[in-house]
Every structure is written in structure tokens, then in C-alpha cells.
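The basis for the numbers below is simple: all heavy atoms, side chains too, and nothing from hydrogens, waters or symmetry mates.
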Amino acid sequence: MTPLVKADGDQGPLLAPVRSRPDGRSLPAPASSIMAGSRGQASYATAREAPGSFSSQLRPTTSQDGRLKPDFDTHAIIVGDDNSTTTEQRQAELQDQIDKETKIKIGSENLLEALNAKNAKNTSNQRLQVEEQLNLSNRKLAQLKSGLAAEIQRAKEIKSPPAEAQSRLSYLFRRNLSRSPSRHIAKKEEEEDEETESPTFVLAEILRALEATGMQPEYYVERANALVDLFKRHPTLKYELAWSIFGLRMQTMLLSDSREVVAAAYRIMRHTFTDRKSLRVIRALHTDYLVILSLVKESKAAVEREQALKFVRAFLDVKGGVEEIPRSIVRILVAVAEHTDDRLRNIATLTLAEILVKKPSLLVESGGMGTLTDALGEGNYHAAESVGSSFVYLLDTPQRRRFFRSGHELEAPFAMFTDAGTAHSHPHEEKLKANAKVIASLLRSWPGFLALCMNNFLAIRSLLISLEIPTPHVRNVLLELLFDILRIKPPSWSTSFLAGRRLTTYGRVTNLKNQAIHDDSGPSTDPTNKWNLLEHYVAVVLAAFLHAGLIPALLKAEEEPLSLALKRKTTLLLGEVLKMANELLPPSWSSELQVLPQLLRSAADFQTEARFVAIGTIYQVDSVNRTLYRSGTASNQTNKSFNAGHDVAPTKQTDQSKAQAAMQVDEPTFRAMMVDTQVLGTVTFQKWRWDLIQVIIDGPLLNAKRLDEAMKVTKFVHRLFRFYQPLKYRFCEVKNTKPNQRYVRAGCAFMRTLLQNPEGVKYLSDSKFIRQLAECLSHFDRLSGLTSDSPMFSVDRMNETLTGGYFALLGALTKDPKGIQILERWRVLNMFYHIIELTERDDLIKTLLSNMDYTLDGHLRIIISKAMTSCSKDVRIFATRLLRKYATKPMQPTDSSSVAEWAIKSLVTQLYDPDVEVCEVAIKILEEACNQTESLEYVVKCRPALDHLGEIGAPLLLRFLSTSVGYHYLDGLNYITGEMDDWFLGRNDTYVALIEASMARALADIPEKPQTQLSYDDTPEHPEYGIVPPHFYRELTRTKEGCKLLKQKGHFDEFVANIRDYAMEKDDAEIILKVKGCLWAVGNVGSMELGAPFLESSDVVKWIVKIAETSEVMSLRGTAFYVLGLISRSLHGQEILLEHGWDGVVNEAGEALGFCLPLDFKKLFSMTPWRAKPDNISWKRKTEPKVAVTDRDPVNARILKLATDLGNTVLAKKAASDLSAIKAKKAPGFTKPAMFHKVMQILDAHHFRLPACRFVLDLFDKSVLPRIVLEEEDQSEESSDFEAAEDSGANGVAKFS
């Protein structure tokens, strides 16, 4: 079968059957099945397409009489896709392939590591197979990455076409290279001709061709595709259409008997949309009726229905386009969304959700709210979170909230849990998981969270009560949901614990915790730069669940465990909840929880057997709590951080004592260890025990006596050196795999150990290892005069073998002055200078730079500085990123040549790089370095000019404001006053969008893609979402000079006045945005200790508390809640909050953590319940049913009455049979356009199922629709019918067109 080329962003290809073979053999099965199902009409089959996916490549496969058409050239009639779309698609496909190959590579490496650990003879064949697969994966990854890079480059090149005519042609041909090569060659001459012609002339020619009648369907489809391509290439052409001619051609195509021709017409028309006026013009062509008739067709008309729905969806992309979507079409979309087996059901539901956001009243009038509520709660619609987002958007303001009839629509997903029976079934479990995702997504927004906490936390309490249902899969899903809602990431040992193993990791995890604290404890890091709003949100969600009875529900689940695994999972959750409550909630909350009073009462009741369960639970919870505390990292141990200084010293002493013990090994033991390594017994390095070799290198060889013995008495050191010698071709021939990196690690440790001893240094200096390595490097030194046909450091060797590991070994030498002397002796550093100048070997330069150590002042710093200024852009960016770990080190005031100072100086130099990307990397690293006060002052001392960088340099300039030195520097540049005015006049509002987007992204919890490449590139970590971004007024308030300026300008008073005046605003979106901006500004000022006078001199905290407790705008409540958290970060702020009934959280050292809750917790959720009122929503139908059922002819009146009855499930069956009987008698009403209009009015006024709509419309004669569309209907007959309707006393209804 020949797949058609995808176009127009469609999600799946259409498959057309091939013609019959000349030898008379049968057709392929798919083609035969298509022919069998066509019934004289052209049909399309789709392959492996998900429900709701679209295919717009249109190609008829059979003639009207059912004969199979010849297989004409696909490329001749199918026009190309929009290049930007296909480029993005290809990039996504390549990225997916890279991800898959990376997983295969990681799996192969892990398997190889496991096979190496076995060290058995019978695994040699398996090892070879795995290595072969690993090499294959590496080659594929290299090809895919180069392909992705080329695709990205091509996308950049073709984004903007050249202006000249000649270059325009070459641009188009280059653009078409992204399509298939054969097609590009076939179409080249034709496109040249097309481009030399005027687009208006081509348009006229195509329209003239479409005027022909009686042609085969493929004739029209070919012209339609050419027309779409013309509109894509000339976007302004659609503004010049003559609708009198163009509209007639489209009407003719829409009335065609061929489904593909109708679909092609829909496709053309949606490419002509420009504005709302164009939509009105198109609707004047009677497209509403045509779309309805297309949508109600059976599933075999898939391509026509898809294009009809895409036509309707295109209305939503036009500004104000939703106003032009009539209620009747939305009614049909509701019917499609309700039809269980319809392929378009999902996309119809999504379209209804979009209409709900853009025009809620239209959807409510069309009866779509019930459909969306069902989609939200039934567990079958896989994108139910998008429906939930639409509901959450409506809930935010009272004006939109009124469209909810009962206010309980969001509770639909909870029903699946509360109604769950005891029987287990896989489909039921999948639905529960789908609903759990919806509930979690609703609780990740303020409107959803507040709505679910109304009525005294009814929804949350119902969820917790569901834990009592004695069904294992229900409880398991609920526990997983609670882990997700509370954002609890199970610790590393949780898998073992849930599997039933004992918690025996105390010692190990204690060391881990101490190490983490040791690593993260920077002496002068400013803690006020990383404020996490996400934790504040989690705190209030946890408080809501605790208030609703989370602890009693978990304890009850503990007492009635349905399985041992569920009991352990409940215990783990209980331990995590207690730990979180201790860290995030005020003492008044957590102190009552920690004692677990309910459990203690059960344990103290000696009269019952239940006490044994309670005692066991207390023991397990205690055990989990202790392990959680010991395994917690420094970032999670917020309230324990003051102990960090006491934990570091014992850790250092422990490490030193271990190293001393490892060195003190007696001679017999040492000799036995060397024999056990197999180094002395064989020269085959694969048989050596490298784990034991690593132990000897890190331990006994650090002892001078043992090293001397290993060098002079045995061949241990000698054989190790022979393994690493380049010209022995042993180490450099080993495949570059993850398990084989142990040879590199052992080699680096070996170099470090030898440098610790004078004898080792002498041995290393005189050995052939460095000499031969220098010789291999000299092949890339243009001044050495040495060349080689197969150099050691060739590209293939660097990629496929451990040859690149030699730079890691040399890097180990650069950490010690003695090692650098050895490199200078053999002129290795001279060669490094010349390698940096190579233009074709960026890979070699990157490997060299990434492995060297720049802590010592000397040649290496000059080498990396040279790379940062004179190499290619990629190398400059790479070298700049390498400075991150040096720039972020603590400054050493006593040392004038501190490595941090050197790194910062180099980064400041990079700010003047001609390429903006390099400057951006340097800015980000400097911004991170400025977290330390000393580093910040040193950056200011360097006096960087950032004017030329614009917005990129703004975050760094903001950091400068936080010190007096930086303030005066910026004041001298006249930066502060201008920036202050910018923030006051507009940037505050931009800040609101930034922080809300950051919070939404953080709450969405989208997993980051793992890094596909294992490079030495020390890139900064992923951007942290949910962190308070730098705010101008916060940085300004850090210094006394800044506070003085803020007071002089009077901006704070303006913010307070805005909050006071518009605190209770609930309708005007612009004012609400302005209030949010003022709230964030006040919160950032109040979070600083120097901001105390500003808060005390005004009553702003009282108004912020009022907004948080009484505002009708739910998102504004959330903003006020976060701002109160910011204010609580200062101790004076906590005092003011306490006066207004809000309690803050502090750690044991008395430091504010930035979390606060109202003492009367219910105040935060005191929302006024809402109910829809008939006067503000048009619940009453605009048209009375009497209009449609009135007719002068009794037979017609009977038809209309029966058509109305089809919407009644009780009367539908009898009404359908009666209508069929009337149709059999050939009633004239089914041939009259006036009757068709009235039936359409019935469909507009009532809710019908999709089969009922299809049935009633199929009753009409096929000649009716052309008469209506082409306006050939009998006007006198129509007017007399409508006069009769008016005489009956009904209200008139406008003709629907």
C-alpha cells in the first residue's frame, strides 16, 4: 500500500489501496476490504490511528460505480506540508529515537556490568553479544544526534525566505529538501513554473478548472490540494478572494456525492479564514447545514467527518470566531461526544471544553455541561485533565462561576471511589487511576482546591472515607493518590521496605545525610534567594487533608489491613505525613499529631486483642520516622539545618580515620592482596580483579613502604603501567562502555597515589607512559613535524574506545604542582596550546578542557581562556560552562589568586563575546555565583557593562542591588530610577504572569527528560519551577539606600492604596491583574527585615488577610496566601500576622520558614455557595417547541411531532417506526426545504442522540439540500408555511443559515 504524504499538520497518513496486479492475482487484503465496504462510494481506511486523530490528505480510491481506480502518482496531487510543522515533527521523531537508543545503551551497559561482575567463562559469548549491541547503539546514537543537529540547523536556515526573486527560488528548493528526495526531483520543474506565475493567475486557473462538471473525484481533489498549497505559500492571497465565484465553487464541491471531494472543500475553506467577517461570509454559503449533515454521517465517512470537525475547530482559532459557531452545531458536537463508539468522540469533547472556555453561555445553552461532567468523572476520556482545567478556569471568578448549575460538578471524579464495590476488575482499576489523575490535577490549582474544600471539606472527606472500602485495588489507588497530592517522593529504601525487608540502613543513610549537609553548606550563601512557593502550597493542602481527618483514616486503614503490602504502604505514608507536618505546619498543628492519640489509646487497652496491632503500628511508624530523618537530605531538613555545622567535623574525622586504617596494612596481608588481584599471575587484564586493585591503590599504596615494595620487589606497579602505556595498545583498545570506565577511574587514582610520594613522582616522571603519551599528542601539534596515518586520538578512537580516558589521567596530574612539572618536562602543555588551535577537532578540544583542573594558577588557565575567546561558538559555550564549578566556590579573602576570583573575572570577560548565547551562559553562572555575598561584591568590583545585553543581563543587575556597593555602582549608571519606573508602570504585571506560569509548571509535575548525552559539560541544572523569581523591589529593600529611595518615590504607598481600593474587585480582569502585581510587590518588600517600617506604617497586612479570607476571585485568594507567606519570612512580619489571626512556622533555631496558616483554618475556605439563576443565564430556550411543530398540512405536523419525540427515550422507538412508515408512503413533506428548516429548528431546540439526528435527516430527499444551499427553494411555499406558523401564535424564528 502507498501511504500518502502527511500535510497540514494532520496526525496520521491515509492509506490508499493499490491496483490489481496484471497477472490476475488477488488484491491485498486491506484493499479488498476497502472495496467491499465502499458500496459505490470512495472510502478511506486509516491504519493504527488513535480515536480523534485527523488525516487531511485526500485521495479517492474508487469511482462512483465502484470500480477500483488506477494507482495514479501520489506526488502529483498531494501538495507539501507546511515546512515548520514537518521540521518540528522530524525533530520530535529523532528525539524519540535518541531516547529509545539511549535506554537500549544504558540497559546494555548495565547488563555488561552484571556479566563482568560474574567473571565466569560461560558468560564470554553473552559479553561479546552485549558489546556488539552496545557498539551498534553508540553508532546509531551518533548518527541520530548528527541528524538532529542538521535538522535544527536546517530549520534555522529556512525560517525566513530571502527577498530577491532568484534567492527566493533557491530558498523554496532548499525548503523542499525536507520532503522526500524523489518527490523533490519530480516536482522541481513544475514548482519553477509555478513560482514564475502570479498567484492570482494560478488561483483563477484552479477555480476555472474546478468549474468543470462530471469529472472523476481525483480530478477535484488534485485541484483542491493545489489550492491549499497555494494558500500556504501565499498567505495574503485569501484576503483577495472574490467570494461570489469562490463561494459557488465551494458550494458545488460540498454538494458532491464523493466524500473525499466534500472533505477537500472543508479543507480549502478553513485555509481561507482571516477574521470574523470572513466567517460570516462562509456561513452565508449555508455551511451550517452542510457541517451538521457531515457530522451525523456514519463512521465509514470518516475523512469527511474529520474535515468537517476540523472546519468547526478552525473557527476557534479566529479572534471572536466562537461567536459565529451556532448552537445547532454545538448540539451535534454534544451528540458526537456522547456517542460511545464514535471515533471523533474524544476530539469532540476537547472542542466542547475549548468552547466552554471561550463562550460558556453557548455550551450551557447547547446542553454540553452534562457531557463534559461525564467526561470528567467516568474515567474513559483519557484527556479528562483538560476538561478539569476548563472547569477550573470557569470557577475562578463569580462572573464565570455562575455557569455551574449546582457547584458540585468537580465532585464527579470522586464518585468512582465512593461507589466502588468489592469485586476487582482491570477496567475498573484503570478508571480509578484515570479519575485519580483528574482529582490530583484539580487539587493543583487554587480554584479547584477551594471548590473541593467547600461544604466543610465534603469532597476530601468522602475520599478519605473511601479508604475504609475493603477492596485492595481501591485502597492502593487511594494511597498512591495521596502520595501524589502531597508530592511525597518515596525514599530510596521504600521499595525494600514495601517488599517486606527490615529497615537496616540506619548507619548508611546517616552517612549519606551528613555528606549531603557537608556538600550543601556554603558558608556565605544567601538563603533569601531561593524561596519555594510550592512547599507553602503543599503545606496548606496537607493542612486541609489533616483537617478533613487524614490521620484517623490512615490509622483505621492500619488496623484493618487488606494485605501486608498495603499495611506497609500505609505505614510509610503515615510516617511521611508526620514528618511533613513537623516541617511545614505551625507547632499548634504538628504537636497534636505526633503522639497519635487514637493509636496510643488502642495500645493501652489491655482488654482487647487489637492492642497488639496498635503496638506493632507504633513501632513501625517510629522505625519509618527514624529512617526518614536519617535519610533526609539537607534541603528537606529545613528545620534541622542549624545542626549542619556540628555534623561536618565528625564526618571528616571518620573519613580520615578510615583512610589511616586502610594504609596500615602489614606486609603479608599486602602481598596476599596483590596476589589476589591476579596482576602478578597473568598479563591478561580481563582476568585482573579491578575492585581489589582500586582498594590497593586507594589504601596500602599511599604508604611509602608498601609503594616501594610494589615498585621494586614485585611487578605490580610495572604491569599496571604497561597496561596504560599508549603504544602497548591495551587500555586504548578497550571499548568505551559504562562498565569499562572502571579502568579510567583506577588509572586516575593510580596517578594521584603516585604523586603523594617522592619515589612515585620520580617513577612516573621517568616512565614511558608520559613520554609515549606526549608522542601521540604531538601528531596533532603542527610544530612538532610528526604525523601518523592512524593517530592515537582520531575521531573514531575517541568515540569507540577509552582513548579519551588518557586526558582524564593527565587531568589527575594537573591537580598537583608536581604533576604539572612532569607535564612541562615532556612539553605536554606546549602541545595543549597547539591542540586548542585545531579548527576541525572540537571533540578533542572539549575532552581536553573538561578533564583538566584549573585550581592551580598557571598555563592551564591561559589555555581555557584562549579556548573561551578564539575557538568555535560550541567550544566557547562549553568552556564557559566549565567555569561554573570554580565560580560558585566560596571566596577566599586571604588568597589574592583565589580560583573563584579568576573564574569570575573570566566570566565577566565572556559578557563581551560577540555571540549572545555565550553571554547568556556566562550571565546564568554569574547569577548563581552571586548567591554568595563575597562573590557578589567581587562581581560588582569587576564593573561589568551589561547595557548591550538588554533583558538577558537584567537578572544579574537585579542581584547587584542587594549590596550597597552594587547599589552605588548601578546608581552611577542611572540604572535604578529608570528600572524602578519600568517596574512601577508595567513590569509588576509581567511578574504576575511569570510567577503564575512557574507555579502552574511546578504543580503540573511534568517529569524532565533525562539527559541523552553523557558529556563532561558541567551545565547548570534544570530551571527550578515554583521558586519566587527575583523582584526589583525585594532587591531594592535589601539595602538602606534602596529603602530610602523607595520611601522617596512613594511607590509602596501607591501599591497599598491600590490594594485597599480594589481588594474586593471580582469582575474586571485588568484590575485583578493590577492588584496581584501590587500584592507581589508588597510581599517582596515585606519579606526583608528592612521592609518592617513599610508594613508597620500602613494597614496593608489587614487588607491582604481580608483578600485571602473573603475575596470572591479564587486565584486572587491564592496570590494573597502566597504573599502572606512571603511576609512571614521576616520575624516582624510574623508578629503582624499573629495580630491578624495567622500563625507562622519557625524552626528550632527560631528562623522563619515562610509558611503560615490562619488560626481559624476554615476562614481560608469560606466561599459563598453559588447557584445558577434563570435571570442571568438563558436556561429557558429561546425558541418554543411550538414553532417547529406547527404546520398547515396535518401530515407535516405529524412528521414534526414525531421528530420531536425522537428526543424522548420512551417515545423514540415508536416515533422512528411511524416516521419510517410515513417515508414509505412517499410523503411530500420530505421533499420540501421548508420542512427541512423546521426539522433543523427542532434539532436546535432539543437534545438528541447522534443516531436520532442521523435518522431524521436521512429521511429527507437528496434534492432538498442543493435547493437550500443554491437558494433554489420555492419562496411562496416557504412563506405560506411560516405565515401559518405565525397565525398559530408562536414566536418567529430566524431562518438558520
Applying salt bridge (Lys or Arg N to Asp or Glu O under 4.0 Å) to D971 and not counting sequence neighbours gives none
Looking at F1032, does the NZ or CZ of R987 lie under 6.0 angstrom from its six-membered ring centre and within 45 degrees of the ring axis? no
Applying side chain to side chain contact (heavy atoms under 4.5 Å, CB included) to T1119 and not counting sequence neighbours gives E996, K1076, L1079, W1080, V1123
| said: Could you check whether any side-chain N or O of S1087 sits under 3.5 Å from a backbone N or O of S1130, counting only pairs where one atom can act as donor and the other as acceptor? | reply: no
I'd like a table of donor-acceptor pairs (distance under 3.5 Å, sequence neighbours excluded) in which one partner is a side-chain atom from residues 449-464, with atom names and distances.
unit_1, atom_1, unit_2, atom_2, d
R461, NE, N456, O, 2.8
R461, NH2, N456, O, 3.0
S462, OG, A459, O, 2.6

Problem set entry | side chain to side chain contact (heavy atoms under 4.5 Å, CB included) between E409 and F391, intermediate numbers included | CA-CA 8 Å; E409 281 82 357; F391 280 18; 4.0 Å; yes
Rounded to the nearest 0.5 angstrom, the NZ-CG distance for K1044 and L1090 is 14.0 Å
* Within the distance-only criterion (no hydrogens, no angle test), does the side chain of N435 pair as donor or acceptor with the backbone N or O of G377 below 3.5 angstrom? -> yes
When every non-hydrogen atom of I1127 is compared with those of G1083, the smallest separation belongs to CG1-CA, 4.2 Å
- [ ] Assess the side chains of S964 and E1041: does a donor N or O sit below 3.5 Å from an acceptor N or O?
- [x] yes
Across all chains, not counting sequence neighbours, the salt bridge (Lys or Arg N to Asp or Glu O under 4.0 Å) partners of R1117 are none
For D396, the side-chain hydrogen bond (donor to acceptor under 3.5 Å, both in side chains) test, sequence neighbours excluded, returns S1115
Across all chains, not counting sequence neighbours, the side chain to side chain contact (heavy atoms under 4.5 Å, CB included) partners of P1029 are Y991, L994, I995
Quiz prompt | Check: M369 and L356 side chains under 4.5 Å, non-hydrogen atoms | solution = yes
message: Counting C-beta onward and ignoring hydrogens, is there a side-chain heavy-atom pair between V577 and I551 closer than 4.5 Å?
response: yes
Check: H1031 ring centre within less than 6.0 Å of W983 ring centre: yes
- Are any non-hydrogen side-chain atoms of L1045 and M980 less than 4.5 angstrom apart? yes
Note: P360 and F403 closest approach over all heavy atoms is CB-CD1, 3.5 Å
Any side-chain heavy-atom pair of L350 and S386 under 4.5 Å | yes
request  = Could you tell me whether the side chain of S962 reaches within less than 4.5 Å of the side chain of L936, counting heavy atoms only?
outcome  = yes
Next on the checklist: Using modelled atom types and a 3.5 Å cut-off, is there a donor and acceptor pairing between side-chain atoms of E1065 and backbone atoms of D1068?
Outcome noted: yes
Residue set satisfying salt bridge (Lys or Arg N to Asp or Glu O under 4.0 Å) with E1112, at least two apart, ordered chain then number -> R401
Tested for ring pair (Phe, Tyr, Trp, His ring centres under 6.0 Å) against F1121, the lone hit among Y537, F1155, W446 is W446
Inset, instruction - Verify, without hydrogens or angle tests, whether S1111 (side chain) and A1108 (backbone) share a donor-acceptor contact under 3.5 angstrom. - result: no
NZ (K1049) with more than 12 external heavy atoms under 6.0 Å: yes
Main-chain N/O of I1136 paired with Q1134 side-chain donor or acceptor, under 3.5 Å:
no
Does any N or O in the side chain of R402 come within less than 3.5 Å of the main-chain N or O of Q399, such that one atom is a donor and the other an acceptor? yes
- Task: Take E1135 and L1138 through the test side chain to side chain contact (heavy atoms under 4.5 Å, CB included) and record every step on the way to the result.
- Result: CA-CA 5 Å; E1135 293 172 5; L1138 203 55; 5.8 Å; no
- prompt: Between the side chain of N1058 and the main-chain N/O of V1075, is any donor-acceptor distance below 3.5 Å?
  reply: no
**Asked** Can E1035 and R1038 be counted as an ion pair, charged N to O under 4.0 angstrom?
**Response** yes
Quiz prompt | Heavy-atom side-chain proximity of S1098 to D1053 below 4.5 angstrom | solution = no
Problem set entry | Pairwise side-chain contact, L443 with F545, heavy-atom cut-off 4.5 Å (strictly under) | yes
Taking every heavy atom of L486 against every heavy atom of M580, the minimum-distance pair comes out as O-CE, 3.5 Å
Check for a donor-acceptor pair, side chain of N1084 on one end and backbone N or O of A1081 on the other, with a separation under 3.5 Å. no
Hits for ring-ring contact (aromatic ring centres under 6.0 Å, His included) against F1055, two or more places apart or cross-chain, chain-then-number order -> F984, Y1033
Between T349 and A375 the two heavy atoms that sit nearest each other are CG2-CB, 3.8 Å
Value for CG (L550) from CD1 (I485), rounded to nearest 0.5 Å, stands at 10.0 Å
Residues at least two apart in sequence or cross-chain that pass side-chain hydrogen bond (donor to acceptor under 3.5 Å, both in side chains) with K359, listed by chain then number, are E323
Quick note, ring pair (Phe, Tyr, Trp, His ring centres under 6.0 Å) partners involving residues 1088-1108, not counting sequence neighbours, are F1052-F1094
Interatomic distance, OG@S998 vs CG@L533, rounded to 0.5 Å, equals 7.5 Å
Taken in chain and number order and not counting sequence neighbours, the residues that satisfy ring-ring contact (aromatic ring centres under 6.0 Å, His included) with F1161 are H547, W589, F1165
In sequence, state the C-alpha distance, the side-chain angles, and the governing distance for R1060 and D1099, and then conclude on salt bridge (Lys or Arg N to Asp or Glu O under 4.0 Å).
-> CA-CA 9 Å; R1060 189 185 298 116; D1099 59 347; 3.1 Å; yes
(Q) Can a donor-acceptor pair be found, under 3.5 Å and without considering hydrogens, that links the side chain of R959 to the backbone of E927? (A) yes
Closest heavy-atom pair, L970 versus L957, reported as atoms and distance to 0.1 Å, is CD1-O, 3.3 Å
- Is any side-chain N of the basic residue among K437 and D484 closer than 4.0 Å to the acidic one's carboxylate O? no
For A543 and L585, the nearest pair of non-hydrogen atoms, with its separation, is CB-CD2, 4.1 Å
Does a side-chain heavy-atom distance below 4.5 Å link V438 with V387?
no
Yes or no on side chain to side chain contact (heavy atoms under 4.5 Å, CB included) for R400 and T397, after CA distance, side-chain angles and deciding distance? CA-CA 6 Å; R400 298 194 295 260; T397 62; 3.6 Å; yes
Residue set satisfying salt bridge (Lys or Arg N to Asp or Glu O under 4.0 Å) with K1106, at least two apart, ordered chain then number -> none
Open item on the list: Using side chain to side chain contact (heavy atoms under 4.5 Å, CB included), reason through L376 and L410 one step at a time and then give a plain yes or no.
Closed with: CA-CA 8 Å; L376 188 71; L410 288 192; 4.3 Å; yes
Can you establish whether the number of heavy atoms outside Q1048 located under 6.0 Å from its atom CD is more than 12?
-> yes
Notebook entry, point to check: Is a side-chain donor or acceptor of T1037 paired with a backbone partner of C1043 at a separation under 3.5 angstrom?
Noted result: no
